[in-house]
Amino acid sequence: SCLIEAGGGEYMKVGYVRVSTAEQNPARQMELMKSLGVEKIYQEKRSGKNTDRPQFNEMLSFLRDGDTLYVESFSRLSRSTRDLLSTVATLTEHGVNLVSDKENFDTSTPQGKFVLTVFAALSEFERESILERQREGIEIAKAEGKYKGRKPIPANEKFFTVAKAWADGKVALKDAIRESGMSSSTFFRKCKQYEISRRSS
């Protein structure tokens with residue numbers, strides 16, 4: 001996985017704070033993190049639509065199985081409903097609890113676990129809907145003689161070199177992603193596929 005595996009240490013409270021360029025001031029979110037006893041905070045000034053979120057990616061690479069991630073609201077964490085479902089699924093898959101203050105949401109509680117089952121069902125529905133639309137589009141393109149197919153991005157030697165360097169702590173995550181020539185989501189997916197994770201210090 002791309003999240004660090006549990007290394008026997010104590011679980012941590014990790015916070016993610018994001019303000020848009022219009023909001024500017026993260027003081028309210030920072031005060032909330034302090035009141036929640038958060039030990040490590042990742043802070044970002046990016047609009048919700050910005051896909052380049054280096055601190056968000058660094059946070060994902062830091063979180064360990066058993067840690068808890070705190071956010072002021074779902075809107076701080078994700079850019080859209082689809083993005084939120086994907087992020088929650090990733091955190092859950094790696095044993096990371098999520099607490100959102102505004103929505104009074106905590107995945108460590110029975111109520112939170114129930115909501116997770118709903119999220120999982122919605123994610124599956126979204127995936128199936130996308131695949132169905134893709135299949136329909138391909139069939140139409142084939143019928144019109146326009147379908148050429150799409151070559152998958154190979155996990156080549158360069159990827160393994162930069163991924164291993166990141167895993168060994170020799171390069172920063174953003175540099176590894178840039179060197180790989182992949183998007184951050186593709187890089188993380190390939191890491192998960194080949195079971196590459198950053199070493200726990």
Side-chain angles (χ1 to χ4, degrees), residues 1-6 11-20 26 28-30 32-33 35-134 173 177 182-193 195-198:
S1 80
C2 288
L3 298 178
I4 301 177
E5 302 299 333
Y11 300 140
M12 285 190 68
K13 291 183 174 183
V14 178
Y16 180 66
V17 170
R18 183 184 64 77
V19 293
S20 69
R28 183 172 58 84
Q29 291 182 62
M30 295 296 285
L32 173 64
M33 295 298 148
S35 71
L36 293 171
V38 170
E39 302 158 87
K40 186 175 182 66
I41 298 173
Y42 289 86
Q43 183 178 337
E44 206 133 53
K45 182 176 285 189
R46 289 285 194 279
S47 73
K49 295 181 180 179
N50 196 323
T51 58
D52 178 27
R53 294 184 292 171
Q55 286 298 300
F56 178 81
N57 291 333
E58 287 283 358
M59 175 194 71
L60 286 181
S61 73
F62 177 81
L63 286 165
R64 297 169 174 82
D65 183 358
D67 286 349
T68 300
L69 173 62
Y70 291 83
V71 292
E72 182 267 337
S73 67
F74 287 151
S75 64
R76 301 301 92 194
L77 184 64
S78 300
R79 306 181 301 273
S80 64
T81 302
R82 181 188 300 177
D83 187 44
L84 174 64
L85 294 173
S86 175
T87 300
V88 172
T90 299
L91 294 172
T92 304
E93 182 181 344
H94 293 88
V96 177
N97 292 319
L98 172 63
V99 174
S100 179
D101 182 71
K102 181 179 179 180
E103 288 82 9
N104 194 26
F105 178 77
D106 183 345
T107 59
S108 68
T109 66
Q111 296 91 336
K113 286 182 172 62
F114 171 74
V115 174
L116 280 181
T117 63
V118 177
F119 277 8
L122 289 172
S123 293
E124 184 63 26
F125 172 73
E126 181 66 25
R127 281 193 296 269
E128 287 297 324
S129 297
I130 291 172
L131 288 173
E132 184 176 355
R133 288 195 296 271
Q134 287 176 342
L173 176 63
I177 293 173
M182 300 175 177
S183 67
S184 58
S185 59
T186 301
F187 182 84
F188 281 124
R189 187 169 65 252
K190 292 293 183 183
C191 282
K192 178 182 175 183
Q193 181 180 350
E195 299 183 349
I196 298 171
S197 60
R198 199 174 76 178

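Model, not experiment: these values are computed from the prediction.
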Flag side-chain contact, heavy atom, 4.5 Å: L91 against L60: yes
Beyond-backbone contact of E44 with P26, side-chain heavy atoms, under 4.5 angstrom: no
Parallel, tilted or perpendicular: rings of F105 and F74 (30°, 60°): perpendicular
Nearest-0.5 Å distance, CG of residue L173 to CG of residue N57: 5.5 Å
Set of residues satisfying salt bridge (Lys or Arg N to Asp or Glu O under 4.0 Å) with respect to E93, sequence neighbours excluded: K192
Value rounded to 0.5 Å, distance of CG in L69 from CG in L77: 6.0 Å
Derivation and outcome, side chain to side chain contact (heavy atoms under 4.5 Å, CB included), residues Y11 and T68: CA-CA 8 Å; Y11 300 140; T68 300; over 6 Å; no
Listed partners of K113 passing side chain to side chain contact (heavy atoms under 4.5 Å, CB included), at least two apart: none
Rounded distance [0.5 Å steps], NZ in K13 versus OH in Y70: 4.0 Å
Heavy-atom pair of closest approach, residues R76 and V19: NH1-CA, 4.0 Å
Partners passing side-chain hydrogen bond (donor to acceptor under 3.5 Å, both in side chains) against E103 (at least two apart in sequence or in another chain): S100
Short side-chain donor-acceptor distance under 3.5 Å, Y16 and Q55: no
Close side-chain approach of F56 and T87, heavy atoms under 4.5 Å: yes
Exercise: identify the closest heavy-atom pair between V96 and T107: O-OG1, 4.4 Å
V17 and M33, any side-chain heavy atoms less than 4.5 Å apart: yes
Side chain to side chain contact (heavy atoms under 4.5 Å, CB included) partners of S108, counting only residues at least two apart: N97, D106
Charged N-O contact under 4.0 Å between D83 and R53: yes
Distance, nearest 0.5 Å, that separates CG of L36 from CD of E72: 10.5 Å
Q111: partners by side chain to side chain contact (heavy atoms under 4.5 Å, CB included), with sequence neighbours left out: T109
Separation between CD of E39 and CE of M12, rounded to the nearest 0.5 Å: 4.5 Å
Cation-aromatic face contact R189/F187, 6.0 Å, 45 degrees: no
Donor-acceptor contact present, side-chain R18 to main-chain S75, <3.5 Å: yes
Interatomic spacing from CG in L85 to CZ in F125 - rounded to 0.5 Å: 11.5 Å
For S185, side chain to side chain contact (heavy atoms under 4.5 Å, CB included) partners two or more places apart: S183
